[in-house]
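Index from 1, following the sequence. Please read all numbers here as calculations on a predicted model, not as lab measurements.
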Amino acid sequence: MDKDAEIVDFVGDGAVPAGRRKGQLHTEAAGRLRSMILSGELPPGSRMRELQLCEQLGVSRTPVREALRTLAAEGLVDLLPNRSVVVSQLHAPDLEHLFVVFGAVEGLAAELACQRITEAEIAEIGRLLAEMVDCHARKERAPYMRINQQIHQRTVEIAANPVLHSVWQSLVPRVERARALANLDTGRWTSALFEHTKMFTVLAARDGKQLAQLTREHFLNSLPFLQKAPE
């Protein structure tokens with residue numbers, strides 16, 4: 001494809017507004033591909049074919065290539081020497097190290113959040129938890145995981161520590177995929193929801209030390225189920 005054709009393909013028939021140019025297309029493409037990986041729609045080891053992704057996402061090669069580079073930096077895909085791209089594998093030893101660190105990060109966030117959280121924010125997280133319970137009852141894993149992520153994110157935001165937030169953001173894509181795979185086990189999914197209800201009770205009581213401990217345990221409890229995941 002020559003440069004003029006690429007520009008036409010990129011902009012489309014005037015359907016792409018001026019504000020929705022390269023950066024936004026790349027961000028949207030990365031977001032959609034990330035969701036497909038985190039949900040398990042693209043399982044570990046899946047080959048990501050560029051042309052197929054372009055058609056599926058409705059964008060040209062440039063945003064797709066940039067999106068794949070972003071996902072590679074997050075550890076979600078591997079860029080192989082032959083220029084092919086595959087969804088990265090999950091390896092149990094690496095996941096154990098990751099979850100120990102991430103549990104500590106979220107545990108600290110939970111402890112700090114208990115010092116700052118308002119009644120309105122407790123009510124907000126309570127509403128999110130109620131939505132999670134409904135999703136679990138309907139066996140809707142994808143929306144459950146989105147709301148689950150919102151609760152964890154809001155806790156980190158309420159902690160109001162920018163360094164902590166930056167570290168959390170750098171780790172969360174790999175952690176979310178692993179947690180989604182663990183929750184494919186129905187028993188673990190139910191147990192994880194029960195753990196969230198206990199964590200909310202402690203959060204509402206503003207018991208930071210106890211919530212930090214429960215948060216660390218919440219992540220480590222997923223590890224036995226991840227050891228069953230294909231490598």
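Contact of the L25 side chain with the T62 side chain is not registered, since no non-hydrogen atoms from C-beta on lie closer than 4.5 Å. Taking 4.5 Å as the limit, every side-chain heavy atom of V87 sits out of range of all side-chain heavy atoms of L76. A 4.5 Å side-chain heavy-atom check between L129 and L193 finds at least one atom pair inside the cut-off. Contact annotation: the side chain of I151 never approaches that of M199 to less than 4.5 Å [non-hydrogen atoms, C-beta and beyond]. Contact annotation: the side chain of T215 never approaches that of T155 to less than 4.5 Å [non-hydrogen atoms, C-beta and beyond]. Counting heavy atoms from C-beta on, the side chains of C114 and L203 come closer than 4.5 Å. V167 places none of its side-chain heavy atoms less than 4.5 Å from the side chain of V101.
Between the side chain of T190 and the backbone N or O of G187, no donor-acceptor pair lies under 3.5 Å. In this structure a side-chain-to-backbone donor-acceptor pair under 3.5 Å is present from T197 to F194. In this structure, the side chain of S35 engages the main chain of G31 through a donor-acceptor pair within 3.5 Å.
Closest approach of P63 and A29 over heavy atoms only: O-CB, 4.2 Å.
A donor-acceptor pair shorter than 3.5 Å can be found between the side chains of E217 and Q213. Side-chain N/O atoms of Q153 and E157 include a donor and acceptor closer than 3.5 Å.
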* **Audit row: Q149, V172, side-chain contact (heavy atoms from CB on, under 4.5 Å) steps and yes/no** => CA-CA 9 Å; Q149 172 64 3; V172 74; 3.4 Å; yes

* Asked: Could you go step by step and tell me if T70 and R34 meet the side-chain contact (heavy atoms from CB on, under 4.5 Å) rule?
  -> CA-CA 10 Å; T70 296; R34 187 183 297 109; 4.0 Å; yes

* Working for side-chain contact (heavy atoms from CB on, under 4.5 Å), residues N161 and L108 -> CA-CA 10 Å; N161 184 306; L108 176 57; over 6 Å; no

* side-chain contact (heavy atoms from CB on, under 4.5 Å) evaluation trace for N221 with R188 -> CA-CA 9 Å; N221 287 343; R188 174 56 198 154; 3.6 Å; yes

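A distance of 8.5 Å separates CE of M145 from CE of M132, quoted to the nearest 0.5 Å. For the atom pair CG of L95 and CZ of F102, the computed distance is 12.5 Å after rounding to the nearest 0.5 Å.
Under the ring pair (Phe, Tyr, Trp, His ring centres under 6.0 Å) criterion, F99 pairs with no residue, sequence neighbours left out. When the side chain to side chain contact (heavy atoms under 4.5 Å, CB included) test is applied to D134, the partners found at least two apart in sequence or on another chain are R138. Remark: H152 engages H196, H218, F219 in a ring pair (Phe, Tyr, Trp, His ring centres under 6.0 Å) (not counting sequence neighbours).
A salt bridge between R206 and E121 is absent, with no side-chain N of the basic residue lying under 4.0 Å from a carboxylate O of the acidic one.
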